[in-house]
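First up is the structure itself, then whatever we jot down about it.
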There are 2 protein chains.
Amino acid sequence: MGTTKTIHFTDEQNELAILAKAIGHPARIAIIQHLIKVNSCICGDIVNELPLAQPTVSQHLKELKNAGLIKGSFEGNAICYCLDENGFNKIKNFFQYVDKHLENQKNQCC
Amino acid sequence: MGTTKTIHFTDEQNELAILAKAIGHPARIAIIQHLIKVNSCICGDIVNELPLAQPTVSQHLKELKNAGLIKGSFEGNAICYCLDENGFNKIKNFFQYVDKHLENQKNQCC
DNA sequence: TATTTATATTGCAATATTACGATAATAAAT
DNA sequence: ATTTATTATCGTAATATTGCAATATAAATA
């Protein structure tokens with residue numbers, strides 16, 4: 001127990017869950033928003049933008065990277081980060097699919 | 001420790017995180033997809049659609065409800081469920097905002 | 001080469017999540 | 001009133017997540 005029963009779900013369901021879960025933390029939302037705000041790569045200094053210790057930020061960045069939501073490339077002794085469209089496109093499709101249904105639903109019930 | 005430091009983040013960041021986190025489980029993705037598939041309210045019998053025990057499903061439904069992603073109303077001794085546009089609209093806006101940036105980003109870096 | 005700067009990893013404590021059996025609560029049906 | 005069907009809650013075990021201090025690693029620079 002305690003473990004999510006991924007085996008019983010489809011690959012798509014598990015993949016979407018991983019993406020949403022990665023976004024599901026305020027620090028990681030803040031990272032995404034910051035990358036958007038500066039409107040370019042960020043080479044270093046994400047740590048100073050967040051109210052968390054450096055190892056904690058490093059961990060959050062790792063999770064976003066593993067999920068395919070950000071990319072990081074070495075630039076000297078710093079790392080350049082930006083959003084990774086791969087992850088975002090996958091989850092975007094899901095929300096478009098949900099949205100299409102929500103429009104229908106209005107005249108159906110509830 | 002172990003607790004997310006919500007105080008240090010904005011209400012918007014925390015709210016988006018709660019929504020994404022609620023979606024971030026394959027069982028809850030499956031529930032959303034099922035509600036869309038049948039294209040109407042579901043009065044009862046969500047349990048039989050999922051490979052999980054009844055108390056576990058009940059718990060997942062509760063989480064989706066708390067996050068504002070589904071609505072449930074009593075219909076006799078069963079409960080009618082359908083998607084709640086409130087929650088989905090909030091997170092939809094976030095992804096539209098991200099998407100707008102991703103189109104810009106293409107010519108900027110990385 | 002020693003030092004500084006930036007990021008990652010390790011180890012650990014506190015807390016949260018997941019899952020389910022047992023049981024309760026509720027409402028329809030008999 | 002009793003039974004049946006449906007959903008919720010409680011209690012608990014297993015595991016995951018969050019956060020940070022300490023430490024390691026890697027590149028730039030003095």
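Labels below follow one simple rule: chain letters A, B, ... track the order of the sequence lines, proteins then strands, and each chain is numbered from 1. Side-chain atoms are counted along with the backbone in the values below, which use heavy atoms only and exclude waters and symmetry mates.
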Check: residues 1-11 of chain A side-chain donor-acceptor pairs under 3.5 Å, at least two apart:
from: A:Thr4; atom 1: OG1; to: B:His25; atom 2: NE2; distance (Å): 3.4
from: A:Thr10; atom 1: OG1; to: A:Gln13; atom 2: N; distance (Å): 3.0
from: A:Thr10; atom 1: OG1; to: A:Gln13; atom 2: OE1; distance (Å): 3.3

Indicate the atoms forming the closest heavy-atom contact of B:Ala78 with B:Cys43, along with that distance.
CB-C, 4.2 Å
Contacts of B:Lys21 that satisfy salt bridge (charged side-chain N to carboxylate O under 4.0 Å, His left out) - sequence neighbours left out
none
Boundaries of the chain A footprint along DNA chain D (any atom under 4.0 Å from a heavy atom)
D:dA13 to D:dA28
Can you name the residues that form a salt bridge (charged side-chain N to carboxylate O under 4.0 Å, His left out) with B:Glu63, not counting sequence neighbours?
B:Arg28
What is the minimum heavy-atom distance between B:Leu69 and B:Ala22, and which atoms define it?
CD1-CB, 3.7 Å
Among residues 11-30 of chain A, which contact DNA chain D at a heavy-atom distance under 4.0 Å?
A:Lys21, A:His25, A:Arg28
Of A:Phe9 and A:Val47, whose nearest nucleotide on DNA chain C comes first from the 5' end?
A:Val47
Do any side-chain atoms of residues 82-90 of chain A form donor-acceptor pairs under 3.5 angstrom with protein atoms, and if so which ones, sequence neighbours left out?
from: A:Asp84; atom 1: OD1; to: A:Asn86; atom 2: N; distance (Å): 2.9
from: A:Asp84; atom 1: OD1; to: A:Asn86; atom 2: ND2; distance (Å): 3.2
from: A:Asn89; atom 1: ND2; to: A:Glu85; atom 2: O; distance (Å): 3.4
from: A:Lys90; atom 1: NZ; to: A:Glu15; atom 2: OE2; distance (Å): 3.0

Using the ring pair (Phe, Tyr, Trp, His ring centres under 6.0 Å) criterion, which residues pair with A:Phe94? Sequence neighbours excluded.
none
Scan the side chains in residues 46-55 of chain A for donor-acceptor partners under 3.5 Å anywhere in the protein, sequence neighbours excluded, and list what turns up.
from: A:Asn48; atom 1: ND2; to: A:Asp45; atom 2: OD1; distance (Å): 2.3

Check whether any side-chain heavy atom of A:Leu64 lies under 4.5 Å from a side-chain heavy atom of A:Ile32, and answer yes or no.
yes
Could you grab the distance from atom CD1 of A:Ile18 to atom CD1 of A:Ile23, nearest 0.5 Å is fine?
12.5 Å
Side chain to side chain contact (heavy atoms under 4.5 Å, CB included) with A:Ala17: which residues, sequence neighbours excluded?
B:Pro26, B:Ile29
With sequence neighbours excluded, what pairs up with B:Lys62 under the side chain to side chain contact (heavy atoms under 4.5 Å, CB included) test?
B:Asn66
Closest approach of A:Tyr97 and B:Gln33, non-hydrogen atoms and distance?
OH-O, 4.1 Å
One character per nucleotide, please: for nucleotides 20-30 of chain C, 5' to 3', B when the base has a protein heavy atom closer than 4.0 Å, S when only the sugar-phosphate does, - otherwise.
BBB----SS--
The bend of the helix from C:dT1-D:dA30 to C:dT30-D:dA1, taken between the axes of its five terminal pairs at each end and rounded to 10°, is 10°
Taking 4.0 Å as the cut-off, does a side-chain nitrogen or oxygen of A:Ser58 come that near to OP1 or OP2 on C:dA8?
yes
Atom-to-atom span, NE2 of B:His60 to P of C:dA16 - whole angstrom
18 Å
A:His8 NE2 - C:dT18 C1' separation (whole Å):
13 Å
